[in-house]
Amino acid sequence: MRRTRRSFLAAAIAGPGTVLTLPAVTRGAEASLEGEYAARFGDRRPEPGGFELDVARVVENGNSVALRVAADPADPPTAVHLFMPRNPERWGASFRFGADALPEIATRVRLSMTQNLTAVAAWPDGRLRSRSASVLVTLGACIDENFERWVRAGPTRPEGAEDAARLARGDAGRGDPGAGIASARVRVPETASVGERVEVRTLARHPMETGYRIDTRGARVPRNVIERFRCSVGGETVLEAELRPAIAADPYLAFAFRARRSGEVQLEWHEDRGAVLVERRPFEVTEPS
């Protein structure tokens, strides 16, 4: 009989000679997004096509799946919404573009299991378009990551008990109030010519605890996520984002805008526990030489 990665890990915990039965995972029909669409779009429903959705079709680990959404700059949408219908929460994130923004966003998401990841773009004239991609996940997010960490700690071995206790203490602290946003890495040029494409890349150090994960003591780790992000240039919004637990730990966001005005680039991350991190960078727009 072929042994899966999951059964191998289970056997490692149980030890030799132990028969361990894992509960079966029910993989029913793809969950409907009808409720999510109704909540955000009313009676309107998206038609297929209209932009690009780039994501790997097979991923080893569902805890961090890179994706990119991009539309035609000549006909830009004002917002993009991400949906993961087989995650515990089907709405994954929403991104709203400012006047100078280019209609593209790249990030990393969590997928709890194999599913059809869906992006919906909205235009100011009321149009809605959608793209979906079937992503095969060999190791789901939320639970299996901790399952492997538990195995590596070796809690069933006397010499592994101390490591397992250390992991448990660390897990408990990750969801504590006031845990905060540790730091952020920001990449944005200091100067650009008028009309030039300007790329921004950001990564905030934060666990993005979903509230669904079980720690090494068997307790649920409290929810703790960065729920809002905003980037502005000279006070004018370039990108606003609503982030949900589907966004991977250490949230990564990459986007772009057209250089129109000089002014400070300000980036803000807001945590659901009240912590706020603000980063500022100088930015000057010059005339083409």
Distance-only side-chain donor-acceptor flag, His206 / Glu271, under 3.5 Å: yes
Test log, rule side chain to side chain contact (heavy atoms under 4.5 Å, CB included), inputs Phe255 and Cys231: CA-CA 10 Å; Phe255 51 96; Cys231 174; 3.7 Å; yes
Residue of the set Ile181, Leu277, Asp272, Val276 for which side-chain contact (heavy atoms from CB on, under 4.5 Å) holds with Ile226: Ile181
Minimum side-chain heavy-atom gap Val221-Arg213 below 4.5 Å: yes
Modelled atom types, side-chain donor and acceptor of Thr237 and Arg230, under 3.5 Å: yes
Glu60 backbone acceptor or donor facing Thr138 side chain under 3.5 Å: yes
Val285 vs Thr191, side chain to side chain contact (heavy atoms under 4.5 Å, CB included): CA-CA, chis, key distance, verdict: CA-CA 6 Å; Val285 175; Thr191 63; over 6 Å; no
Salt bridge (charged side-chain N to carboxylate O under 4.0 Å, His left out) assessment of Glu199 paired with Arg197: CA-CA 7 Å; Glu199 295 187 356; Arg197 173 191 172 91; 3.1 Å; yes
Note: Arg223-Glu89 ion pair, threshold 4.0 Å (strictly below): yes
Face-on cation placement of Arg90 at Phe83 ring, 6.0 Å and 45° thresholds: no
Aromatic ring proximity Phe41/His81, centre distance under 6.0 Å: yes
Check: Ala204 main-chain N/O paired with Arg185 side-chain donor or acceptor under 3.5 Å: no
salt_bridge(Glu240, Arg96) N-O dist < 4.0 Å: no
Same apolar cluster (I L V M F W Y, side chains within < 4.5 Å links), Leu53/Tyr252: no
Arg258 vs Leu102, side chain to side chain contact (heavy atoms under 4.5 Å, CB included): CA-CA, chis, key distance, verdict: CA-CA 7 Å; Arg258 293 292 183 193; Leu102 291 171; 3.6 Å; yes
Enclosure of Arg201 CZ (heavy-atom neighbours >12, cutoff 6.0 Å): no
Thr118 side chain vs Pro85 backbone, donor-acceptor pair below 3.5 Å: no
Asn224 (side chain) donor-acceptor with Glu209 (main chain) under 3.5 angstrom: no
Side-chain (Arg110) to main-chain (Ile247) donor-acceptor, under 3.5 angstrom: yes
Set of salt bridge (Lys or Arg N to Asp or Glu O under 4.0 Å) partners for Glu36, sequence neighbours left out: Arg40
Heavy-atom side-chain proximity of Arg86 to Val137 below 4.5 angstrom: no
Under 3.5 Å donor-acceptor, Arg220 side chain and Gly211 backbone: yes
same_hphob_cluster(Leu239, Trp123) at 4.5 Å side-chain heavy-atom cutoff: yes
Check ion pair Arg205-Asp250 (N to O, under 4.0 angstrom): yes
Worked check of side chain to side chain contact (heavy atoms under 4.5 Å, CB included) between Phe51 and Arg129: CA-CA 8 Å; Phe51 62 95; Arg129 307 298 290 271; 4.1 Å; yes
Check: Leu253 main-chain N/O paired with Thr202 side-chain donor or acceptor under 3.5 Å: yes
Sequence neighbours excluded - salt bridge (Lys or Arg N to Asp or Glu O under 4.0 Å) pairs with any residue from residues 74-83: Asp75-Arg127
With sequence neighbours excluded, residues passing salt bridge (Lys or Arg N to Asp or Glu O under 4.0 Å) with Glu34: Arg45
Check: Glu242 side chain, Arg228 main-chain N or O, donor-acceptor pair, under 3.5 Å: no
Any side-chain donor near an acceptor of the partner, Asn116 and Ser132, under 3.5 Å: no
